[in-house]
Enquirer: 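Can you keep this structure in mind? I'll have questions shortly.
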Amino acid sequence: MRNGFYQLVTEKSSLIMSFSSVLPEDEDFFRAPNYGDDLGGVRRRTYTTSAVRTSVSRAPKPAPPKDDTVFAVKDDENFSVFAKGRDYEPVYVTHEYTEQEKDTLNTYESCDYLPNHSHIFKHWIKRQNISDLETDRWVMIGLIGFVIGVVSFFLHQLIERIDHLKWRITKDLLKDERIWEGWLFCAGYSMLFAVFAATVVVFWRPSAGGSGMPEVTGYLNGTQIRRIFSIRTLIAKFLSCVAAIGCGMPIGPEGPMIHMGASVGSGLSQLSGYLKRINLPFFERFKNPEDKRNFITAGVAAGVSAAFGAPVGGLLFCMEEVSSFWTKTLAWQIFFCCIIATSTSDIFNSAFERFQIIGMFGEFRTSRYILFNVDEAVDINILMFIPSVIIGVIGGLLGSLFTILNLKIHRYRKRILASISRQWVVRLVRLLEPALIMLIMSSFSVFLPMAFSCIPFTCIKGETGILSEYCVNDTMNKYDSHFVEENIFHTCNVGTYYLDGTTFVYNGTYNELSLLIFSSKDEAMKTLYLRNSHKMFNYGPLFASLAIYFVMVCWSAGTSVAAGILVPMLMIGALYGRIVGLIMVDIFGVHLDDDYLSWMDPGAFALIGSASFFGGVARLAPAITVIMMELTNDLKVLLPVMTAVMVSKWVGDFFTHPYFHALLELKCIPFLNQHPHVRIDSTNVKLDLFAAEDIMAFPVVSLNLVEHVPKIAQILLDYQHNGFPVVRKNKEGKRVFYGLMTRSDLLVLLDHRSVMCQGPVEPMNDETVDIASIEYDKMLKGKKDEEEINTRFLLQFVAENSDYKDYYVDMTPYVNQSALSIQTKFSLQRAYTLISALGLRHLVVVNGNNEVRGMITRKDLMGHHMVEFLSPILQTRPYFRTNSKVHVNDPEAPGSNPGEHNEGVPSTNETTIELSEHNPSLQVCVQPSFVVTQH
């Protein structure tokens with residue numbers, strides 16, 4: 001390993017020399033001195049072959065995949081099914097990317113959280129009218145919440161309308177014993193809407209496919225992803241989501257609502273898309289990257305709140321899963337946005353059901369604004385925590401299996417689609433896949449319940465405590481079969497309903513499986529959560545439904561429709577939670593009212609199961625707990641739910657990364673965790689033991705504060721970098737770090753001849769700098785042309801007959817003077833914290849004289865990249881060799897001759913100093929008269 005690394009260093013050094021001739025003669029190409037390791041020379045530069053990357057290339061930089069569904073790498077076939085670091089990867093294992101996946105990662109551009117702090121930015125800020133209470137910001141937050149609430153209202157009303165029509169007509173046909181006609185209508189109706197949902201995505205807006213969660217999370221983390229917030233994406237997402245969920249696909253609207261909420265937050269605050277023609281000075285100051293990302297964060301939280309009817313859960317979900325930057329002020333604003341969104345949705349839903357007026361406007365009825373309301377709660381018992389832990393373990397195991405299976409299906413689908421050469425065939429396959437899913441689901445819904453016999457309703461008569469058949473409930477106890485005649489399957493007998501003393505008798509039957517798969521998911525969830533209905537379901541229907549939903553949800557999440565999986569996850573968890581509850585009832589019997597064992601209610605364990613599977617997949621603890629409470633209005637099971645969620649998270653962490661983070665890795669979207677996880681050779685690496693110089697890219701292409709125009713253009717042509725340090729000479733004549741210019745800023749400068757002047761000039765005085773020729777809003781928009789257009793634009797500056805040979809640009813008004821810099825010995829752990837906490841795109845590394853020595857970007861701090869560059873350091877530096885012993889022998893002491901004792905066994909007069917990872921900085925000062933041996 002050591003010899004191989006020396007060979008790599010030699011190749012890097014030779015490449016540096018070969019590329020130096022391409023640079024302008026006055027370009028500084030820094031040589032790295034020995035920074036305390038045994039390599040000398042250059043350890044890393046910005047050149048790439050298979051393991052290194054190039055910065056000298058005139059080839060246009062490839063763009064990220066336009067449609068991730070049909071993009072697949074070809075070098076991942078060597079990984080086994082359960083290879084660590086791929087789909088099976090505990091949270092402490094660094095994800096392993098293939099070389100093609102690394103290339104895909106590099107196609108994405110990063111974005112800063114804070115705007116460039118330049119003179120033109122400060123001038124722009126001075127012109128903004130900001131009130132003490134920031135009324136305009138609160139108005140914008142409220143407007144975002146209101147619009148999201150309205151979107152949620154129309155979304156749910158349309159879904160209910162489509163879903164209700166499907167099941168009403170299907171049930172009518174089956175009751176008339178027109179079985180095949182009923183199946184044909186159910187399947188045809190579902191397939192028609194499924195194909196429409198896919199058509200919107202495949203032919204119009206591929207960015208509207210899926211849940212949108214990985215893309216939104218990646219953007220809020222600092223990765224630029226095109227077209228995900230446009231108004232076309234919003235409309236396509238809405239239409240696809242309505243059609244796909246309305247037809248009965250095993251997916252949910254929560255993920256798409258998060259994406260649509262983010263689009264509303266971006267569109268309203270930035271007036272993007274078709275709204276950009278509208279110019280409202282009142283909101284002009286929000287057109288900067290910091291405010292844009294904050295409003296998108298508010299939109300995400302409002303989307304969760306409106307979808308679940310859970311404002312506090314939406315706030316926590318956004319803080320825990322999506323947002324990378326959080327402040328107390330932002331939390332208050334987002335909370336207000338969640339309140340407005342939830343209230344707006346609930347107000348409209350209170351008066352309408354499937355667009356039909358059902359009550360008084362503004363009358364909040366529990367059955368409408370609490371999605372899965374639980375009427376009867378059970379008192380918990382300390383013994384309840386035992387099955388809660390068991391359910392948590394099941395949730396962690398099944399959640400991990402779900403994540404792995406879903407990722408495998410994703411990869412297989414991408415590989416199949418990428419292997420098809422004809423575009424029309426690819427599109428046809430993508431349209432037919434959701435249709436096939438709905439054909440299978442419709443067949444299951446219509447025919448599978450017929451394979452299960454109908455059973456009589458049961459109740460407990462009087463106070464006997466004994467279950468009896470052919471009755472639905474008794475006024476003397478709480479046990480209830482929840483009889484609804486409309487839900488009786490067509491193969492079951494419709495009996496007579498009458499009162500016999502205190503017992504309501506019904507001699508009809510019902511089909512258990514039909515209650516779970518021959519209805520909407522929301523109705524099935526409400527049935528599973530029912531309390532005091534211990535024997536409503538038997539094992540067969542529960543296991544059959546669990547297998548169907550588990551497999552079909554895994555398959556559906558990833559098709560070319562707008563699809564979320566949050567409600568289906570709750571359904572899967574409720575099924576195995578109900579099974580655990582039923583096992584306990586069979587062992588200990590039915591207990592009601594104030595009995596010590598009355599907590600053994602399968603409905604309560606169904607709720608706990610939902611939370612555990614949610615936690616096993618998403619690994620969110622506070623958000624899931626609060627969302628489940630707001631969804632069900634059952635605060636009594638709060639502690640068991642918290643226990644199950646925590647256990648499922650711990651168990652799941654042993655097998656996979658959180659589901660939404662795994663999708664980020666699958667889609668090759670760069671993402672920085674709040675805390676780094678770097679594991680090398682089965683050991684977690686402590687980044688505080690490394691310095692910024694160990695990971696920085698060098699040499700660095702820098703610019704003078706007053707720079708030659710052709711040189712700027714040549715650098716932009718030769719390099720694909722997006723950040724360039726700006727230096728100026730100090731009193732000693734050394735070129736010291738002054739600020740930073742981005743590639744976009746430089747293109748804008750070259751596009752405005754008014755900022756250029758003939759001949760070298762002295763830089764402007766920072767204290768007396770005049771108003772610049774280019775306004776901040778123009779710099780912010782950038783020059784958004786295609787790569788080829790920009791290349792032709794730059795070539796005019798470097799041509800032999802160029803008119804710009806004698807022109808210079810003074811960049812003083814445009815330089816980001818708040819660009820951070822750190823010393824070469826700065827802790828790598830703290831450098832990671834700086835970039836992740838402040839949302840930095842570039843971090844400049846300087847020496848003690850403030851001279852630029854390197855650059856660290858977000859992608860340099862990704863786990864796989866740090867593993868690649870820190871591994872050789874761990875192998876070669878004696879500093880990192882653990883459990884080394886230094887034996888110091890006193891020659892004057894008896895028996896001090898090293899030859900007098902066995903090697904490696906210290907004598908009684910020998911001082912032994914342990915050098916381990918617990919004390920790596922310990923140094924030993926050895927005098928010439930001492931003999932030092934190291935083992």
Enquirer: Looking only at side-chain N and O atoms, does Asn294 offer a donor or acceptor that is under 3.5 Å from a partner on Tyr113?
Expert: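 There is such a pair between these side chains.
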
Enquirer: Examine the side chains of Thr742 and Asn722 and answer whether a donor and an acceptor come within less than 3.5 Å of each other.
Expert: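 Asn722 and Thr742 do not have a side-chain donor-acceptor pair below 3.5 Å.
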
Enquirer: So does Leu840 get a backbone contact from the side chain of Asp112, meaning a donor-acceptor N/O pair under 3.5 Å?
Expert: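 A pair under 3.5 Å: no.
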
Enquirer: Quick one: does any side-chain atom of Thr233 pair with a main-chain N or O of Arg227 as donor and acceptor, under 3.5 Å?
Expert: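 Between the backbone of Arg227 and the side chain of Thr233 there is a qualifying donor-acceptor contact (under 3.5 Å).
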
Enquirer: Answer yes if the ring centres of Phe238 and Phe154 are under 6.0 angstrom apart, and no otherwise.
Expert: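 Centroid distance Phe238-Phe154: not below 6.0 Å, so no.
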
Enquirer: Does the side chain of Ser648 pick up a donor-acceptor pair with the side chain of Arg619 at under 3.5 Å?
Expert: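 No, no side-chain donor-acceptor pair sits under 3.5 Å.
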
Enquirer: Can you confirm whether the side chains of His657 and Glu665 place a donor and an acceptor under 3.5 Å from each other?
Expert: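 Yes, Glu665 and His657 have a side-chain donor paired with an acceptor closer than 3.5 Å.
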
Enquirer: Is it the case that the side chain of Ser345 and the backbone of Ala341 share a donor-acceptor pair, with hydrogens and angles ignored and the cut-off at 3.5 Å?
Expert: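 No, the answer is negative, given that no donor and acceptor are paired below the 3.5 Å cut-off.
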
Enquirer: Does any N or O in the side chain of His123 come within less than 3.5 Å of the main-chain N or O of Glu775, such that one atom is a donor and the other an acceptor?
Expert: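 Checked: no pair found.
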
Enquirer: Is a donor from one side chain sitting under 3.5 angstrom from an acceptor on the other, for Ser269 and Arg137?
Expert: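 No - no donor-acceptor pair under 3.5 Å links their side chains.
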
Enquirer: Fit a plane to each ring of Phe286 and Phe295, take the angle between them on a 0 to 90° scale, and name the class: parallel (under 30°), tilted (30 to 60°) or perpendicular (over 60°).
Expert: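 Ring orientation of Phe286 relative to Phe295: perpendicular.
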
Enquirer: Is any side-chain heavy atom of Phe121 closer than 4.5 Å to a side-chain heavy atom of Asn116?
Expert: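 No, too far: nothing below the 4.5 Å cut-off.
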
Enquirer: If we check side chain to side chain contact (heavy atoms under 4.5 Å, CB included) with Ile334, which of these qualifies: Leu315, Val300, Ile144?
Expert: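 Among the candidates, only Leu315 passes.
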
Enquirer: Taking only Lys NZ, Arg NE, NH1 and NH2, and the carboxylate oxygens of Asp or Glu, determine whether Glu215 and Lys667 approach each other closer than 4.0 Å.
Expert: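 The answer is yes: the pair qualifies as a salt bridge.
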
Enquirer: Is there a donor in the side chain of Asp346 and an acceptor in the side chain of Asn349, or the other way round, less than 3.5 Å apart?
Expert: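 Side chains of Asp346 and Asn349: no pair found under 3.5 Å.
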
